[in-house]
Amino acid sequence: MSTNIKQQNYQVTTADRANLLQHKSVVLWFTGLSGSGKSTLANAVEAKLATAGKLTYTLDGDNVRFGLNKDLSFTIEDRTENIRRISEVATLISNAGPIVLTAFISPLMKDRQQARDSIGTDKFIEVYIDCPIEECEKRDVKGLYQKARKGLIREFTGISSPYEAPLHPEIVVNTATMSLEDCVEKVITYLSPRINLD
Ligand SMILES: Nc1ncnc2c1ncn2[C@@H]1O[C@H](COP(=O)(O)OS(=O)(=O)O)[C@@H](OP(=O)(O)O)[C@H]1O
Ligand SMILES: Nc1ncnc2c1ncn2[C@@H]1O[C@H](COP(=O)(O)OP(=O)(O)O)[C@@H](O)[C@H]1O
């Protein structure tokens, strides 16, 4: 715990940076099972935003676990710490101006609520990638489900570790029934009016 610290205020504000970029920042928080389509969708949404001249940055589970969070495992406690750090990093990047996309399983409701509270409800947009585990397992993009079924990976989400689906996400896309293009369109349609300057 840090003590004897005091918040410092700076002249250049988040609103100044939004004016410079000509768009506001939000945090698009993608959540879903492994293989549900978080990275694929975040990638496609980011590409569409970049083409439209918006500054973006994506934080992805696999990537962040190679660096900042390489000390964390997949126990419930470490997943909570993973999401706590990510929500702090997302806040910093968002305050710098870019639209932030995060692609983490983030399996627990309480951790996503903590992220919503720390990022701010006005900025936090929860995108639930709804995809039945049977479909994720059929895709088995990285061969992890097969390993988990064989008992080679412990605490695997959806098999031996919980996933709590969001109850009131801002956006839901079902990647088992919708095309990637339709999923992207749904996210962009929700997002567009929310990043316009007043
Ligand atoms: N035990 C276990 N359970 C789930 N996932 C596992 C596990 N071990 C490794 N992986 C790989 O780690 C990626 C998920 O990391 P996250 O940081 O998003 O997970 S979490 O939010 O902390 O639950 C996940 O990436 P995605 O498949 O993109 O979801 C996997 O590649
Ligand atoms: N509508 C869709 N949206 C996103 N991914 C889809 C969709 N339909 C099929 N997929 C496929 O599902 C897989 C999802 O993998 P990935 O994006 O790595 O998931 P995650 O990041 O959640 O682990 C990819 O092979 C992708 O091509």
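Note that the structure is a prediction, hence the values are computed from the model and not measured. Whatever order the structure lists them in is the order used to number ligands and atoms, beginning at 1.
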Below 4.0 angstrom from a heavy atom of T157, which ligand 1 atoms are there? Numbered from 1 as shown, please. 3 (N), 4 (C)
Note: K142-D62 ion pair, threshold 4.0 Å (strictly below): yes
Using heavy-atom distances, let me know which of D140, I105, I153 sits nearest atom 14 (C) of ligand 1. I105
So, K138 and E134, do they make that salt bridge, N to O below 4.0 Å? no
Suppose clustering is done on Ile, Leu, Val, Met, Phe, Trp and Tyr with side-chain heavy atoms closer than 4.5 Å. Which residues sit in the same group as L68? V27, W29, Y57, L59, V64, I83, I86, V89, I93, V100, F104, I119, F124
Less than 4.0 Å between a side-chain N and a carboxylate O, is that true for R85 and D71? yes
In terms of atom number and element, which parts of ligand 1 are under 4.0 angstrom from non-hydrogen atoms of E155? 1 (N), 2 (C), 3 (N)
Check: S160/E155 side-chain N/O donor and acceptor closer than 3.5 Å: no
heavy-atom search around atom 27 (O) of ligand 1 in the protein gives S34 OG, 2.6 Å
Heavy-atom nearest neighbour in the protein, as seen from atom 23 (O) of ligand 1, with distance rounded to 0.1 Å: R79 NH1, 2.9 Å
Determine, considering heavy atoms only, which of L180, D182, T40, L33 sits nearest to atom 27 (O) of ligand 2. T40
Going by heavy atoms, is S179 under 4.0 Å from ligand 2? yes
Hey, does E181 have a side-chain heavy atom less than 4.5 Å from the side chain of V184? no
Examine the proximity of ligand 1 to L72 and report which part, side chain or backbone, both or neither, has a heavy atom under 4.0 Å away. neither
How far is atom 16 (P) of ligand 1 from its nearest protein heavy atom, and which residue and atom is that? R65 NE, 3.6 Å
Is the shortest distance from a Lys or Arg side-chain nitrogen in E137 or R149 to a carboxylate oxygen in the other one below 4.0 Å? yes
Nearest 0.5 Å, please: how far is CD in E170 from OG1 in T121? 9.0 Å
Distance-only N or O hit between ligand 2 and R139, under 3.5 Å: yes
Per-atom contacts, ligand 1 versus R154 - under 4.0 Å to a heavy atom: 1 (N)
Looking only at non-hydrogen atoms, find the nearest pair between S36 and I129 and report the distance. O-CG2, 3.4 Å
Side chain, backbone, both or neither: which part of I83 has a heavy atom under 4.0 Å from ligand 1? side chain
Would you mind listing which atoms of ligand 2 come within a distance below 4.0 Å of any non-hydrogen atom of C183? 1 (N)
Answer with side chain, backbone, both or neither: which part of N69 has a heavy atom less than 4.0 angstrom from an atom of ligand 1? neither
Look at ligand 2 and say whether G32 reaches it with a heavy atom at a distance under 4.0 Å. no
What do the steps show when you test F156 against Y145 for ring-ring contact (aromatic ring centres under 6.0 Å, His included), and what is the final call? CA-CA 8 Å; F156 193 78; Y145 282 94; 5.0 Å; yes
Salt bridge (charged side-chain N to carboxylate O under 4.0 Å, His left out) against K186, all qualifying residues, sequence neighbours excluded: none
Considering heavy atoms of the protein only, find what lies nearest to atom 19 (O) of ligand 2 and give residue, atom and distance to 0.1 Å. G37 N, 3.1 Å
Need the ligand 2 atom indices (1-based, order shown) with element for anything under 4.0 Å from a heavy-atom of S34. 23 (O)
Atom NZ of K48 with >12 non-hydrogen neighbours under 6.0 angstrom: no
More than 12 foreign heavy atoms under 6.0 Å from CD of Q146: is that the case here? no
For ligand 1, is there an N or O atom under 3.5 Å from any N or O atom of F104? no
Record the part of K38 in heavy-atom contact with ligand 1 below 4.0 Å; permitted values are side chain, backbone, both and neither. side chain
Determine whether the side chain, the backbone, both or neither of N82 has a heavy atom under 4.0 Å from any heavy atom of ligand 1. side chain
Measuring from the heavy atoms of V173, does anything fall under 4.0 Å of ligand 2? no
For G61, the ligand 1 atoms whose distance to one of its heavy atoms is below 4.0 Å: 17 (O), 18 (O)
State, with a plain yes or no, whether a side-chain heavy atom of C136 is found less than 4.5 Å away from one of C131. yes
For atom 21 (O) of ligand 2, state which one of S39, A176, G35 supplies the nearest heavy atom. S39
Hydrophobic clustering (ILVMFWY, side-chain heavy atoms < 4.5 Å, transitive) - are V26 and Y190 grouped together? yes
OG (S94) and NZ (K24) are apart, to the nearest 0.5 Å, by 12.0 Å
Among all protein non-hydrogen atoms, which one is nearest to atom 30 (C) of ligand 1, and what is the separation to 0.1 Å? L144 CD1, 3.5 Å
For atom 31 (O) of ligand 1, the closest protein heavy atom turns out to be K142 NZ, 2.8 Å
Has ligand 2 got any nitrogen or oxygen that is less than 3.5 angstrom from a nitrogen or oxygen of K38? yes
Atom 25 (O) of ligand 2 has as its nearest protein heavy atom V141 CG2, 4.0 Å
Given that the side chain starts at C-beta and the backbone is N, CA, C, O, which of these parts of D62 lies under 4.0 Å from ligand 1, counting heavy atoms, or is it both or neither? side chain
Regarding atom 8 (N) of ligand 2: of the candidates N174, T175, D140, D60, which has the closest heavy atom? T175
Applying a heavy-atom cut-off of 4.0 Å, say which part of F74 lies close to ligand 1: side chain, backbone, both or neither. side chain
Mind listing the closest non-hydrogen atom pair of L33 and G158 along with its distance? CD2-CA, 4.2 Å
Between A90 and T102 the two heavy atoms that sit nearest each other are CB-CG2, 4.3 Å
Any N or O of M178 closer than 3.5 Å to N or O of ligand 2: yes
Which protein non-hydrogen atom lies closest to atom 2 (C) of ligand 1, naming both residue and atom, and how far is it? F156 CD1, 3.4 Å
Tell me, please: is S106 in heavy-atom contact with ligand 1, that is, under 4.0 Å? yes
Counting C-beta onward and ignoring hydrogens, is there a side-chain heavy-atom pair between M109 and P166 closer than 4.5 Å? no
